[in-house]
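Here is the structure we will look at, set down as structure tokens.
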Amino acid sequence: MMAFHGLRQGIDKATRQNACLDHFMVKCKYDCHTFVFDAFTDHSPILIHINKPINKKPTQPFTKSFIDYECIRSELKKIDWDFLYSCKDVNEATANVSQNIQTIISKNTTVVTISKKLKPLKPWITIGMMKSIRIRDKLFKKTKKQPNDINLLQEYSNYRQICNKIIKHSKKEYYANELKKTAGNNKETWKVIKELCNLTKSKEPPLELLKIKDLPVESLNEVNTYFTSIGSELAGLTMRIMKTSESALVTGATDNFTPLNCMYLAPTDTYEIERIIVQLDSNSAAGGDKISARILKLNCDTLLEPIAFLCNLSFSTGVFPTLFKSAVVCPIFKSGERDKPTNYRPIALLSILSKIIEKLVNRRLINYANNSGLISINQYGFRSGISTEDAVLKLTSMITDYVDQGESCVGVFLDLQKAFDTVSIPILLRRLENLGIRGTVLSWFEDYLTNRQQCVRLGSYLSESAKCTYGVPQGSTLGPSLFLLYINSLCNLSIPGADLVMFADDTVVLFHGKTWPEVRVLTEKGLCRVTTWLEDNLLTINALKTKYLCFSKTKANEPDISFEIKIHTFPCNRNCVRDCSCTVLARVPTVKYLGVILDDKLNWSSHISSLSGRARKLIHVFRNLRLAADQKLLISTYKALCQSILTYCICTWGCAAKTYLLEVERAQRAILKVALGLPYRYSTDCLYKDANVLPIRKLFIYQVLRRFHSKVVPSEPLMLRRVPRFYIPSVKSAIGQRHFNYIAPKLYNMVLLEDNQLVNFKNFNFKNFIINWLRQFDYESTEDLFYIQV
């Protein structure tokens, strides 16, 4: 049994008289030595020594960089840029501009190594407090040595109580003064709030990646090799299984829709460049050239013309600067074991100048795609004016309609493996050409996507550069837009009995039919078309993480246990083979999609339970904040941190039964009571009046009416004599009655009955009117709104 579990006996001598009663069971890769001492009790003492080398964590020195921005500004003004405007090679011009700026930055940057002893203490701790803390700690050590000395214990207890009280009072006064200083400046106020509530804790760097190999640089080279080769490995595996080549797949990459017009990169000017620079985040990390957004903002007037010249030269020649093709990758930990590169997401730090060019091109690309109608209506990701809430609401609307009509409905939630990293560049360029991106513009995109390199940086260590042959750059501005165009034809895929909802690569395929056997056949046939498209475009589906839900009204309407769905891959998906060994998808009762937990009955109990847990984690934030902030700031912080969580996609789940909703309502009340310092049994009605906020159910009604008013009601005033009524769809089940499509027009008609001025709502404050309208209802009358016939 011990050998089966990999254990071996560590003691081979007698430990009590002539018997071995004391043991070490050893399972270790290092050398182990055990010892048995001469008996001075009835059992001989035993000792084990493991010869394990001590791995000290690489310590990072505490350094601080000091940049003299005034000197940088004065030196940049002295540069004569006339030599630049005669350049016709964009790479030469980019190198000149970047080198000049880098030289000046390096010249005026000083890096100082600071000893740990000289690290600044907490700003509210004075020298006198430090002396008191040392005395307190000395008394604590004495009590450990003399635990039976009652007088010493009492002295330590009294001194500790007074010392801690002084420290807390000093901290409270310090942050109260800081909040008063930053009053009126929201950005600075939030910095103080984050510091007070411990919300600015930086994540620990993944130092475990430095131990993969013997040397840290070799370890980072291993990580970089994984990041740059994962796309080619997955694509190569797909091509080997299909026995084809990338060039053959490029030939078949065509779209059914081809626009009549072509894209044109219009020249930019200094005004457009200035607007982009102003919108840059000053705290964003600089790329490999060390040029930060703050330096560009401070020297905007000096650098506008050189940057505009570089952008226009790049547009006219169809060449993206080679200097901007190198990226510094920072691995961001996701989950799992911290020493595995597979558990990290590569985020590329690009040059700020590169981001400016990308933003210009992305703006022109998005305008061209929208004007030509290239992006599918089923795609909700990375599109202006469309959010995750739209995608979730669309998905739940379709599910509700099918279930309410008595149809069987299956939702398959696809998981694409490394979707952004496995984009085939030749196929993407062919698809762009089919969409009307040709000539110099296509040459620009080809140059932008090819011959890119990246290295991995972790602390002071930097790996060697490696070439990227697949994928769009993560962390770039253009990457998401190019991915949308790459996967766009999947959104338009015609599948019988199916609907698609996509947010970037998060794809849901909804199948419906009269009976469960019919739905099963439709699902397997439809998934064959999906997997065929993915294989032809070198995208890999992760069948083990792909889940499906069987939506039904009640448990009696569910399919039986024998109901299962296979996902067929090459060659079964092309030959309609059914009796094969392809993967059987996992059927689950709940699945998380875009931050919302969907369940197979759409009662939202799992999501509400998770939501209340997330909300309660904020209690400590308000317990710290109330020590220094006034009530107005506390309520503003509650709306920003807590209410934003509670109202996310509330139009979909806020219609849940009140027995489920009580859990999140209690969490909301707990946070408000802690924030305002109120007792546990404080009146609920008085609590919401004092805080001037709405409970969960009223928040749901408020968000539903706002959404319906902004997206459904016409923007132009209606010149009618009588109040119009919006159509309320006919539903047959409780699921249909709880959904947005039924509740929204019903509640809106109630509001129209209250006040006829909504017919002509020009210069009308709809938000305030709805809030005042909701405050006239108590808890029970609010629930009765859902049962009133209109």
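Starting from 1, each residue takes its place in the sequence as its number. Hydrogens, waters and symmetry mates are skipped; everything else that's a heavy atom, side chains included, is used.
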So how far is it from [X] [atom1] to [Y] [atom2], rounded to the nearest 0.5 Å?
{"X": "Ile356", "Y": "Leu350", "atom1": "CD1", "atom2": "CG", "value": "12.5 Å"}
{"X": "Asp390", "Y": "Phe503", "atom1": "CG", "atom2": "CZ", "value": "9.5 Å"}
{"X": "Ile72", "Y": "Lys77", "atom1": "CD1", "atom2": "NZ", "value": "13.5 Å"}
{"X": "Asn312", "Y": "Ile357", "atom1": "CG", "atom2": "CD1", "value": "10.0 Å"}
{"X": "Ser463", "Y": "Leu209", "atom1": "OG", "atom2": "CG", "value": "11.5 Å"}
{"X": "Leu676", "Y": "Leu687", "atom1": "CG", "atom2": "CG", "value": "6.5 Å"}

Spell out, as yes or no, whether a donor-acceptor pair under 3.5 Å connects the side chain of [X] to the backbone of [Y].
{"X": "Trp653", "Y": "Tyr648", "answer": "yes"}
{"X": "Asn198", "Y": "Lys194", "answer": "no"}
{"X": "Asn224", "Y": "Gln454", "answer": "yes"}
{"X": "Ser98", "Y": "Thr94", "answer": "no"}
{"X": "Thr189", "Y": "Asn185", "answer": "yes"}
{"X": "Gln379", "Y": "Gly381", "answer": "yes"}
{"X": "Gln703", "Y": "Lys698", "answer": "no"}
{"X": "Thr396", "Y": "Leu393", "answer": "yes"}
{"X": "Ser106", "Y": "Thr103", "answer": "no"}
{"X": "Glu195", "Y": "Tyr175", "answer": "no"}

Check: Is the His607 ring parallel, tilted or perpendicular to the Trp604 ring (thresholds 30°, 60°)?
Finding: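 His607 and Trp604: perpendicular rings.
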Next item on the list: Give the ring-plane orientation class for Tyr448 versus Phe320, where under 30° counts as parallel, over 60° as perpendicular and anything between as tilted.
Entry: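 Ring orientation, 0 to 90° scale: perpendicular.
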Checklist line | Neighbour count >12 (heavy atoms, 6.0 Å) for atom CZ, Arg345 | finding: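 Atom CZ in Arg345 is not packed in, count stays at 12 or less.
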Notebook entry, point to check: Would you find more than 12 non-hydrogen atoms of other residues, nucleotides or ligands less than 6.0 Å from Glu663 atom CD?
Noted result: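 Result for CD/Glu663: enclosed.
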For [X], salt bridge (Lys or Arg N to Asp or Glu O under 4.0 Å) partners two or more places apart:
{"X": "Arg697", "result": "Glu783"}
{"X": "Lys689", "result": "none"}
{"X": "Arg614", "result": "none"}
{"X": "Arg775", "result": "none"}

Check: Among Ile276, Thr268, Ile352, Leu353, which residue meets the side-chain contact (heavy atoms from CB on, under 4.5 Å) test with Ile307?
Finding: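 When Ile276, Thr268, Ile352, Leu353 are each tested with Ile307, the side-chain contact (heavy atoms from CB on, under 4.5 Å) holds only for Leu353.
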Next item on the list: List for me each residue that meets side chain to side chain contact (heavy atoms under 4.5 Å, CB included) alongside Ala369, sequence neighbours excluded, and say none if there are none.
Entry: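 Side chain to side chain contact (heavy atoms under 4.5 Å, CB included) check on Ala369 returns Leu374, Ile375.
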Margin query: Once side chain to side chain contact (heavy atoms under 4.5 Å, CB included) is applied, do any residues pair with Asp68, and if so which ones, sequence neighbours excluded?
Written below: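 Applying side chain to side chain contact (heavy atoms under 4.5 Å, CB included) to Asp68 gives Glu70, Cys71, Asn108.
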Does [X] reach the side chain of [Y], with side-chain heavy atoms less than 4.5 Å apart?
{"X": "Val693", "Y": "Lys639", "result": "yes"}
{"X": "Ser132", "Y": "Ile166", "result": "no"}
{"X": "Arg616", "Y": "Ile671", "result": "no"}
{"X": "Thr388", "Y": "Val596", "result": "no"}
{"X": "Thr109", "Y": "Phe66", "result": "no"}
{"X": "Gln631", "Y": "Ile635", "result": "yes"}
{"X": "Pro331", "Y": "Pro346", "result": "no"}
{"X": "Leu220", "Y": "Leu462", "result": "no"}

Check: Can Tyr380 and Glu389 be said to form a side-chain hydrogen bond (donor to acceptor under 3.5 Å, both in side chains), step by step?
Finding: CA-CA 9 Å; Tyr380 292 85; Glu389 185 172 359; over 6 Å; no
Checklist line | Pairs flagged by ring pair (Phe, Tyr, Trp, His ring centres under 6.0 Å) wherever residues 269-312 is involved - sequence neighbours left out | finding: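 The answer is Tyr85-Phe309.
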Check: Judged by modelled atom types alone, do Gln453 and Ser326 share a side-chain donor-acceptor pair under 3.5 Å?
Finding: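 No, no side-chain donor-acceptor contact under 3.5 Å.
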Check: Taking atom types as modelled, is there a side-chain donor on Thr647 or Gln643 under 3.5 Å from an acceptor on the other?
Finding: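 Checked: Thr647/Gln643 side chains show no N/O donor-acceptor pair below 3.5 Å.
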Which donor-acceptor pairs under 3.5 Å do the side chains of residues 475-482 make with protein atoms, sequence neighbours left out?
{"residue": "Ser476", "atom": "OG", "partner": "Pro473", "partner atom": "O", "Å": "2.6"}
{"residue": "Ser476", "atom": "OG", "partner": "Gly479", "partner atom": "N", "Å": "3.1"}
{"residue": "Ser481", "atom": "OG", "partner": "Asn362", "partner atom": "OD1", "Å": "2.5"}

Check: Where is the tightest heavy-atom contact between Val90 and Leu313, given as atom of each residue plus distance?
Finding: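 Between these two residues, the closest heavy atoms are CA-CD2, 3.6 Å.
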Notebook entry, point to check: What's the shortest heavy-atom distance between Pro695 and Tyr688, and which atoms?
Noted result: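 Minimum heavy-atom contact is CB-CZ, 3.6 Å.
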Item checked: side chain to side chain donor-acceptor pair (under 3.5 Å) pairs, two or more places apart, involving residues 163-174 ->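 Residue pairs passing side chain to side chain donor-acceptor pair (under 3.5 Å), neighbours aside: Arg136-Asn164, His169-Glu173.
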Check: Should Lys191 and Glu188 count as an ion pair when the cut-off is N to O under 4.0 Å?
Finding: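 Yes, charged N to carboxylate O under 4.0 Å.
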Checklist line | Electrostatic pair Asp269:Arg275 at N-O distance under 4.0 angstrom | finding: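 No, Asp269 and Arg275 are not salt-bridged.
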Margin query: One pair to check against side chain to side chain contact (heavy atoms under 4.5 Å, CB included): Glu305 and Thr270. What are the steps and the verdict?
Written below: CA-CA 6 Å; Glu305 291 188 2; Thr270 55; 4.1 Å; yes
Would you mind writing out the side-chain donor-acceptor pairs for residues 287-300 within the sub-3.5 Å range, not counting sequence neighbours?
{"residue": "Asp289", "atom": "OD1", "partner": "Ile291", "partner atom": "N", "Å": "3.2"}
{"residue": "Asp289", "atom": "OD2", "partner": "Ser351", "partner atom": "OG", "Å": "2.6"}
{"residue": "Ser292", "atom": "OG", "partner": "Ile295", "partner atom": "N", "Å": "3.4"}
{"residue": "Lys297", "atom": "NZ", "partner": "Val278", "partner atom": "O", "Å": "3.4"}
{"residue": "Lys297", "atom": "NZ", "partner": "Leu280", "partner atom": "O", "Å": "2.5"}
{"residue": "Lys297", "atom": "NZ", "partner": "Ser282", "partner atom": "OG", "Å": "3.1"}
{"residue": "Asn299", "atom": "ND2", "partner": "Ile295", "partner atom": "O", "Å": "2.7"}

Next item on the list: For the pair Thr652 and Phe740, evaluate side chain to side chain contact (heavy atoms under 4.5 Å, CB included) and give the outcome as yes or no after the intermediate values.
Entry: CA-CA 7 Å; Thr652 58; Phe740 174 86; over 6 Å; no
Note to self: Under the salt bridge (charged side-chain N to carboxylate O under 4.0 Å, His left out) definition, can you give me all pairs with a residue in residues 353-366, not counting sequence neighbours?
What the structure shows: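 Sorted result for residues 353-366: Glu272-Arg363, Glu272-Arg364.
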Notebook entry, point to check: Can you list every pair that meets salt bridge (charged side-chain N to carboxylate O under 4.0 Å, His left out) and has a residue in residues 617-638, with sequence neighbours left out?
Noted result: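 Listed by first then second residue: nothing to list.
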